[in-house]
Every structure is written in structure tokens, then in C-alpha cells.
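Here the structure is laid out as C-alpha cells; the discussion comes afterwards.
Predicted, not measured: the structure shown is a model, and the values here were computed from it. Order of listing sets the numbers, starting from 1, for every ligand and every atom in it.
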Amino acid sequence: MGETLAQKIIRAHLLHGDMTPGSEIALRIDQTLTQDATGTMAYLEFETMGIPRVKTELSVAYVDHNTLQSGFENADDHRYLRTVAEKHGIWFSRPGNGICHQVHLERFGKPGKTLIGSDSHTPTAGGIGMLAFGAGGMDVAVAMGGGAYYITMPRMFKVNLTGALRPYVTAKDISLELLRILSVKGGVGAIIEWGGPGIAELSVPERATITNMGTELGATTSVFPSDDVTRAFLAAEGREEDFVPLASDPDAQYDRVIDIDLSTLKPMIACPHSPDNVVPVETLAGTKVDQVCIGSCTNSSLFDMLKAAALLKGRTVAPGVSLSVSPGSKQVLTMLADCGALTDILSSGARLLECACGPCIGMGFSPNSGGVSLRTFNRNFLGRSGTKDAQVYLVSPETAVAAALTGMITDPQTLGPMPAVTLPERFRIDDSAMLPPAPADKADAVEVLRGPNIRPFPKSRPLPDELTAELVLKVGDNITTDHIMPAGAKILPYRSNIPKLSEFCFTVCDPSFPERAKAAGDGIIIGGSNYGQGSSREHAALVPMYLGIRCVVAKSFARIHAANLINAGILPLTFEDPKDYDMLQQGAKLRIDGIRAGMAAGRLTLTDTTTGFSCPVVCSLTERQQAILLAGGLLSYTKEHAL
Ligand code: MIC
Ligand code: SF4
């Protein structure tokens, strides 16, 4: 039987395990990336492993999230990242060089290679035929040290594209349509492969928009074949030698096939506060808009920016709208300047922001109170923009420009003929903002510089055999990591300072949580389904661990967050019968006995000692994961076991 493209890459990198869906596999990782908001922790973890140089083919430290420097904290982090990278054999992408996923695609992505990154949108590199996964910082640290990356072998989904997109209908609309069909849980446990005749028309950056948003489906990753389109992109980046052709076998088997006829698609929009809350743009036409943002790792390529510039040319942003444009990379920005498109953007009244994540993570440009913001981004979770009562919608660059010009949600198809946009055959190659690591024989002389914002990594405790703990928080379905550990300009600077960060934990849901959790000593959180969706931030596990959380019992977990909980030494359990969720009330005293034996048997009993209610809970952990928990987290485990 033939293999899918993802199965071929997995087989070529398989270190342990068998490729039966649902069983644990260990993969050799060729490349890693970090961004600054998760990177500081990842490198602190790497340092504690005592390995002098990374063992990957390539590791890169990007700075793109915490670029506002309203105090010393972010600048300290940048300096730490630059020096720790230089010492340990890691490339350093300076602030201003661009968003990690966009720059990685341009300069480093290679078809057929594996990549893990401490950012959930690392699957963006699937647009160039890489098998790329978002992971917690500790997993990235282990991979940098030459250790394997463990995942559950996914099922294989295929999205088969036929037909061709009509003007004003874009790659973003394909992603939104798939979110409408599958929901934010629809890709859980699966790799999504894209194929069919329709992909020939999609450039690598458009493919990357789609693989980027696969994260919002909960998918393990998403991947496109490597074909003539890939070769042309690599040639434009001056890296044609990195091209290898890759495709699934004609008789490859998929667990699910979804057909989308591109010619029937319309411009789509995701409504507040979830990326799967999708309807056609035309159904909301006329809704007043306060703010429009174009950029983010989803839609900040040269192609996206040129289209936006062509539509803005000679026109003026509506008086009530504030429009921001953040190109994805220095390459994109300088090419916009070279061809004059930047002038068209600025003349329209747009505000140019840095080549960074910016408004996507609430790092500036928060909407006005109750404001309606249309963004070309990938997430619109409650409060993520920095304005709690803002209404954030997700759209394509074309729909974003239409709203910026008219002041209301507008189907871009009403703007008249779409101006032609062509991409140059060669991109502008200037890697001056990408600093190489010190050569191995000079590394000893590099001093790693730390400021007062860089606090030591918090210590986790081995899991006890009997746990008595307070149910400190009960939350509902689809709790995101933005609920657990909010971000934004005020909080992100403390990503290297867990004690300070803990003051903000879960405050979106309950401002009293940090105080109550601390006072409770040991704590348990009860969650609904898809607990921990969204970001890869391990802080959403490290901070609860610091506040005394020992266990989370949920109806189901998002993949990266479940791994982060285990890495932090927190026991993730699921209800055998989801109805038992209703029987537990916040404040109850809970007990779990015989944890060691129960983990091995896959089943434990949770008892509410306040009411006497008890219920079975499922503990589906591999032996390795059990050992990590018993050791008190992945760092303690790696100290006991060779990588
Ligand atoms: C996000 O988009 O939520 C982030 C910010 O990029 C996160 C990483 C982080 O929290 O630092 C992610 O997607 O993993
Ligand atoms: Fe940055 Fe937003 Fe992309 Fe996360 S989703 S990497 S915050 S641009």
C-alpha cells in the first residue's frame, strides 16, 4: 500500500515506535526555531541540560513577539537570546527582521525536513513541504540537544482542491471554509495533507497561509507537496539547491478526504471569539468597523502586501477607521519600498508597524473599547487583542482593505476588478539581520548576558502517590492558552519571570485565581473539552505548576498543551463519562489515590471528599510520560535519562 507524504517524512525520521495511528512515535528533528516570548524559557531549559552546542542541522532564535520596549525587560530578553544563541550554535534573527514563520519560510525551510518550533504556528513551514510541529519550549530544548520529539502517530486527512479561486477569494478563505466545516477541534489527532489539481495555482506563501491556519483546526500539522511551485519559490529565494520533489503515492490511504471546489468559494469571515465561527462576508455587510490590521504570520507575505497596496493605491482609508500594516519580514518591507508599493500603502493613510507579531498578540494597536476590528490574523480569542470587549473578526487582506476603505464590513468583490499583482522572479536577499553563531572553537569566550528580568526556571515536584487538593477552578469548553496565561504588551515582558507572570494566570476567567491557587497549596483544575487550545506557550503549564496545580481533569485536551502539562509535571486526566464534569463544584476537596498503579493501569478514581461523589478518570499516558511525571517533569527526567 502506498504512503502519504507525511507518512514518508515520518518514516524517514522515525527513531522509535510504530506508525499505527494513536501510538507514540519518536522523531529525529532536523531544524528548530524559537521566538522570544517562548524562547527565553527554552534556552534557560537548554542551558540546564549542560550541552555545549546544538545537535540539529539548524536552529534559529527569532525575536518577533516582544518588540515593544517600554522598560528594560524585553531588551534584556533580546540580549540574553542573542548571546545564548551565539554561544550554543544557534542563528539569531534580530528584532525587525520579521516574524519567525515568514522568515523561516523565506530563508531556511526545506522540503522533506522536520522542524519543531516553540510556537504553535510552526506548521506554516508545511507550505514548503516540511513536516513542522508546534511544541513546548522544553521539547524544543531537548531536540536542540539531539533528543527525539515524541508525538502520537496522527491519522491522515486529505483536502482535495479542485477548480480555481475567483478574484477576491483567497487562500485565507480556503482556511476559513475548512474551519467552518471541521471546527477548532476537527483536526485533532490528524495531519492534514493538501492536494488535488487546485493546489497548482497556490504559491508557497499562499500554501503557508493555509498550513498556518491548520493550527486553528487543532491539527498535529498540515503539509503541501513539494512541486514546481515550491521549486520556483526556492529559486526566487536563491536556494534552488534546497528543492526536492515530494508527493504522496497515488494509492495512499486517508482516514478522511474533504473535497473543496475552489470556484464555489466566497470571501469568508470568522466572527468573535473563535476562528471557526465562520460565515460569508456578504452576510455581515454594513457592520461598522473601527480598526483594520493587515499582517501576522498568516497574511504578511509580499503577495499579501502587494495585493493590499494595489487595492489601497489612490484611495483613502475611511475617516472612522484606523488601519495598520505590518509586513512579515524585512525582505517583504524592503521589496515593498523598492517597487513603490509602500508609498501606495502610506498614502492611503495606513499606519506602518514593525515587521513583527504586533497587534496579533496585543503588542500594541489594541482596539478602542467595544471596537470592531477586522484582522488578517489567525486567532480572535476573547481579550487577545488587549481590549477585552473588542469584537475581533478574521479575514483575508482583500476583505480587510475593503473594510478599511468603506468603514464597514464589505464583500471585496464589490470593489470592482481586482488589479493584477505579479511577483518578481527573484526576491531581495539580505541576511544582514540574521546573526550566525560563534564558531565552536570561539564559543567558550562568548558571555551569556542576563538582566534582572531573567529569573531561574521554576522547580517542579515529583508526583505523589496520593493527592489531596482543592478544586481551585472549574472552566468550560475550548479554554485557550490565552485564557490560562494571557499575553499582550503588559504581560508578555514577564515571560522569563514566572513569579511575576503568575499574577496574571487565568485572570481573564477569574481575577482571584492566582491568590486563591496560592492559598490552596495543592490545586486541581476541572476543564471542559479541548482544554488548552491555541498557543504552544509552556507558560500555560509552568505558571499553574508554580501556583501549585498538580492535576487537570478535562473532557479532552489540545495536543501541545497536554504535552506541556506533562513536561511541567502536571497530571492530565480525562473524564471517562463527560457527565461527571457536572457533579464537581469549585472549592471542593478532591482526592486521587494510588496514582502510580492507576497511571500504569490507565484508570484512576477521583473522589470529592466534600460530597462523597467519586468517578473514574482516564489516564492515557505512555510509560515515558508516566516516568516524566514521576520524576517531576521533563527537565528532571532528562537529568536522569540520557537524551
Ligand atoms: C500565539 O499566536 O498565540 C503565540 C503568541 O504566537 C503563541 C506563542 C506564545 O504564546 O508565545 C503560539 O502560537 O504558540
Ligand atoms: Fe505572532 Fe500572531 Fe503568528 Fe503568534 S499567531 S506567531 S503572535 S503573528
Side-chain angles (χ1 to χ4, degrees), residues 33-42 61-68 74 77 81 93 95 98-105 116-125 132-137 139-140 172 175 208-209 211-216 218 275 293-301 304 324 326-329 332 353-365 375-386 392 394 480-489 491-496 501 504 532-543 558-561 563-564:
L33 69 79
T34 56
Q35 40 89 339
D36 48 323
T38 52
T40 47
M41 248 337 130
Y62 292 91
V63 177
D64 52 4
H65 282 62
N66 282 338
T67 53
L68 287 187
N74 292 344
D77 284 2
L81 290 168
S93 175
I99 306 175
C100 56
H101 308 303
Q102 174 67 24
V103 179
H104 207 83
L105 200 69
I116 67 168
S118 59
D119 191 280
S120 66
H121 290 103
T122 305
T124 310
F133 306 93
D139 285 325
V140 176
K172 181 62 161 281
S175 298
T209 294
T211 51
N212 176 283
M213 287 210 73
T215 300
E216 271 47 71
C293 305
I294 302 177
S296 92
C297 58
T298 318
N299 277 121
S300 61
S301 68
D304 286 327
S324 77
S326 10
S329 67
V332 173
L353 305 184
E354 212 176 357
C355 302
C357 301
C360 179
I361 192 60
M363 206 22 99
F365 217 75
R375 302 175 156 215
T376 66
F377 307 167
N378 48 35
R379 291 185 172 150
N380 57 347
F381 302 145
L382 179 70
R384 182 176 162 97
S385 66
V392 176
L394 307 174
T480 72
T481 52
D482 280 304
H483 292 100
I484 305 171
M485 201 49 261
I491 305 177
L492 273 173
Y494 302 114
R495 279 290 182 88
S496 330
L501 201 60
F504 304 95
Q533 74 156 315
S535 148
S536 69
R537 63 188 74 145
E538 63 184 338
H539 304 75
L542 292 177
V543 172
R559 179 186 75 89
I560 306 176
H561 187 62
N564 285 341

From the candidates M41, H121, Q35, the one that places a heavy atom nearest atom 8 (C) of ligand 1: Q35
Nearest candidate to atom 5 (S) of ligand 2, where distance is taken over non-hydrogen atoms, out of T215, N212, N378: N378
S536, any N or O under 3.5 Å of ligand 1 N or O: yes
Heteroatom distance test (D482, ligand 1): nitrogen or oxygen, under 3.5 angstrom: no
Closest heavy-atom pair and its distance - H104, Y62: ND1-OH, 2.8 Å
Smallest separation among heavy atoms of D77 and P493, with atom names: OD2-O, 4.3 Å
Region of E216 engaging ligand 2 - heavy atom pairs below 4.0 Å: neither
Structural part of Q35 in contact with ligand 2, heavy atom criterion under 4.0 angstrom: neither
2.8 Å cut-off met by an N, O or S atom of C297 to atom 3 (Fe) of ligand 2: yes
Against heavy atoms of [X], which atoms of ligand 1 measure under 4.0 Å?
X: I361; answer: 5 (C)
X: T38; answer: 9 (C), 11 (O)
X: H65; answer: 4 (C), 5 (C), 6 (O)
X: A37; answer: 11 (O)
X: R495; answer: 9 (C), 10 (O), 11 (O)

May I ask you to list the atoms of ligand 2 that are less than 4.0 angstrom from any heavy atom of [X]?
X: I361; answer: 7 (S)
X: D119; answer: 6 (S)
X: H65; answer: 1 (Fe), 4 (Fe), 6 (S), 7 (S)
X: H121; answer: 5 (S)

Contact with ligand 2 for Q102, non-hydrogen, under 4.0 angstrom: no
Proximity flag M485 to ligand 1, non-hydrogen atoms under 4.0 Å: no
Identity and distance of the protein heavy atom lying nearest [atom]:
atom: atom 7 (C) of ligand 1; answer: S535 OG, 3.2 Å
atom: atom 2 (O) of ligand 1; answer: R384 NH2, 2.8 Å
atom: atom 13 (O) of ligand 1; answer: S120 OG, 2.6 Å
atom: atom 10 (O) of ligand 1; answer: R537 NE, 2.5 Å

Test side chain to side chain contact (heavy atoms under 4.5 Å, CB included) applied to M485 and L542, V543, T480, the passing residue: V543
For [Y], is there any backbone N or O sitting under 3.5 Å from a side-chain donor or acceptor partner on [X]?
X: N380; Y: L394; answer: no
X: N66; Y: A37; answer: no
X: N74; Y: T67; answer: no
X: S536; Y: D119; answer: yes

N, O or S of C360 under 2.8 Å from atom 1 (Fe) of ligand 2: no
The single option from T209, T215, T298 passing side-chain hydrogen bond (donor to acceptor under 3.5 Å, both in side chains) against N378: T298
Qualifying residue for side-chain hydrogen bond (donor to acceptor under 3.5 Å, both in side chains) with R537, from D482, T38, N564: D482
Test item: side-chain donor near acceptor, R384 and S535, under 3.5 Å: no
Verdict with reasoning, I294 to D304, per side chain to side chain contact (heavy atoms under 4.5 Å, CB included): CA-CA 9 Å; I294 302 177; D304 286 327; 5.8 Å; no
Parallel, tilted or perpendicular: ring planes of F504 versus Y494, cut at 30 and 60 degrees: parallel
